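Below is one structure, written out as structure tokens; the observations come after it.
Since the structure is predicted, the reported quantities are computational estimates derived from the model, not experimental observations. Counting starts at 1 for both ligands and their atoms, in listed order.
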Amino acid sequence: MSLPIRAFIRSFSSGSIQRSAIKNVTIIGGGLMGAGIAQVAASTGHNVVLVDQTKDILKKSHSSIEKSLQRVVKKQYAEDPKAGEAFMAKVLSQLCTETDPAAAVKSSDLVIEAIVENLEVKKKLFASLDKAAPKHTIFASNTSSIPIKEIAVATKRMDKFGGLHYFNPVPVMKLLEVIRIPETSDDTFNKLLAFGKAMGKVTVNCKDTPGFIVNRLLVPYMMEAVRMVERGEATPQDVDTAMKLGAGYPMGPFELTDYVGLDTCKFIIDGWHAKYPNNPLFDPSPLLNKYVAEGKLGNKVGEGFYKAKK
Ligand SMILES: CCCCCCCC(=O)CC(=O)SCCNC(=O)CCNC(=O)[C@H](O)C(C)(C)COP(=O)(O)OP(=O)(O)OC[C@H]1O[C@@H](n2cnc3c(N)ncnc32)[C@H](O)[C@@H]1OP(=O)(O)O
Ligand SMILES: NC(=O)C1=CN([C@@H]2O[C@H](COP(=O)(O)OP(=O)(O)OC[C@H]3O[C@@H](n4cnc5c(N)ncnc54)[C@H](O)[C@@H]3O)[C@@H](O)[C@H]2O)C=CC1
């Protein structure tokens, strides 16, 4: 059952959110998604280790988690700021950071990978985690577009492998796609579903098909918006206004591309184009490529199709 964010935090504080067998969670990648996943996992009573490549990156992840938590707490505890402070301190005490993935998975029940959208990099990571993690540890990838099985083959625990695909911003978006490959055991899949529910998410079961459910529809839509601008048919501003006011979307496709990250969008579309070269829905975009080459990666760097609001 879906919960608005306030009710969700309240239900966690009062202990009414469903518990799962998974208590210790390692999240690899402390960017946009990893930081959000870490925040919500810690907010729902899990012990979280967040891993990234350097201490500096992890400092930024920690500060973005604190900012997001402050937003949540400010509203949830408007009438009881002391309780809000206590909640925030408890959440932060359940979250630690680490730069060594092997050390971070030593007592982990579940590893969620949220690193760069690149198959070879993800496989290399999982192959090394497979050697370092205990036998019972479940592995999951938050990939947007790479088949889960292509990543899982890097390990010898395909029965304990699945996909957990979160949505940005993780503290707000209620959906979690839970993906199984043919090798995923029922026990693993049920544990992943229960974990998603314990995080307060509404889960949908997905097969390991390109883009699962949401991105199979969202990616062609966003790319067609970019192509519309390339053809000179409309400006990004007009497309965004049209889709917000005419279709009721909270963000237009260009605002959303900036929010997701243009580099991530490019990784996705390039990957699908290489795999399905004859599908025009997955054609790469010269405009997107140009922005990425110029370093305009979206809100995370301050500029994409738009300049980010301060
Ligand atoms: C071409 C390739 C494409 C590939 C795509 C791949 C990506 C993926 O694999 C999958 C994805 O994630 S796709 C992206 C999915 N996300 C969306 O569609 C977000 C759309 N935007 C929104 O929902 C709202 O603008 C949003 C919720 C973001 C902001 O809402 P508002 O505009 O109304 O702004 P606010 O009033 O500031 O926020 C509303 C409530 O949410 C709280 N909030 C927002 N951001 C937060 C954050 N980061 N942390 C904590 N709380 C946050 C905000 O405080 C407010 O709360 P309430 O006052 O209680 O409602
Ligand atoms: N941006 C979005 O809206 C969404 C992205 N995703 C997926 O989540 C994953 C991460 O995406 P974002 O968080 O947006 O990317 P991001 O670029 O914000 O963060 C990626 C992080 O991973 C770290 N990293 C890279 N290689 C690493 C390694 N070997 N070990 C440890 N850390 C490493 C980077 O330093 C960076 O901090 C991708 O697979 C993406 O497709 C899924 C849902 C939504």
Identify the protein heavy atom lying closest to [atom], giving its residue, its atom name and the separation to 0.1 Å.
atom	answer
atom 37 (O) of ligand 2	Asp52 OD2, 2.6 Å
atom 40 (C) of ligand 2	Ser144 OG, 3.5 Å
atom 8 (O) of ligand 2	Asn142 ND2, 3.0 Å

Ligand 2 contact on [X] by region, counting heavy-atom pairs under 4.0 Å:
X	answer
Ile57	side chain
Lys300	side chain
Thr264	side chain
Ile268	neither
Tyr166	backbone

*Checking salt bridge (charged side-chain N to carboxylate O under 4.0 Å, His left out) against Arg180, which of Asp159, Asp208, Asp186 comes through?*
Asp186

Is it true that a side-chain atom of [X] and a backbone atom of [Y] form a donor plus acceptor pair closer than 3.5 Å?
X	Y	answer
Ser108	Val105	no
Arg157	Asp130	yes
Thr188	Thr184	no
Gln94	His46	yes
Glu177	Ile213	yes
Glu294	Lys296	no

Per [atom], closest listed option by heavy atom ([options]):
atom	options	value
atom 46 (C) of ligand 1	His165, Lys244, Met173, Arg71	Arg71
atom 38 (C) of ligand 2	Ile37, Asn215, Asp56, Ile115	Ile115
atom 21 (N) of ligand 1	Lys67, Lys74, Met251	Met251
atom 1 (C) of ligand 1	Met33, Met223, Gln76, Lys266	Met223
atom 16 (N) of ligand 1	Val214, Asn168, Thr264	Asn168
atom 55 (C) of ligand 1	Lys75, Glu117, Glu224	Lys75

Kindly confirm or rule out an N or O of [X] lying under 3.5 angstrom from an N or O of ligand 2.
X	value
Leu32	yes
Lys122	yes
Val260	yes
Met33	yes
His165	no
Glu113	no
Thr143	no

Considering only NZ, NE, NH1 and NH2 on the basic side and carboxylate oxygens on the acidic side, decide whether [X] and [Y] come within less than 4.0 Å.
X	Y	result
Glu224	Arg231	yes
Lys60	Asp52	no
Glu233	Arg227	no
Glu150	Lys122	no

*Think Lys244 forms a cation-pi with Tyr249, using NZ or CZ under 6.0 Å from the six-ring centre and within 45 degrees of its axis?*
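The answer is no; the distance or angle limit is not met.
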
List every atom of ligand 1 that sits less than 4.0 Å from any heavy atom of [X], numbering the atoms from 1 in the order shown and giving each element.
X	value
Leu218	13 (S)
Cys265	1 (C), 2 (C), 3 (C)
Tyr259	28 (C)

*asked:* At under 4.0 Å between heavy atoms, is it the side chain or the backbone of Pro169 that contacts ligand 1, or both, or neither?
replied: side chain

*Between Tyr249 and ligand 1, which residue portion shows a heavy-atom distance shorter than 4.0 Å: side chain, backbone, both, or neither?*
neither

*Below 4.0 Å from any atom of ligand 1, is there a heavy atom belonging to Ile269?*
no

*Under the ring pair (Phe, Tyr, Trp, His ring centres under 6.0 Å) criterion, do Phe87 and Tyr77 qualify, and how do the steps go?*
CA-CA 9 Å; Phe87 173 74; Tyr77 292 93; 5.7 Å; yes

*Any N/O of Asn215 closer than 3.5 Å to an N/O of ligand 1?*
yes

*Does NZ in Lys275 sit with more than 12 non-hydrogen atoms of other residues, nucleotides or ligands closer than 6.0 Å?*
yes

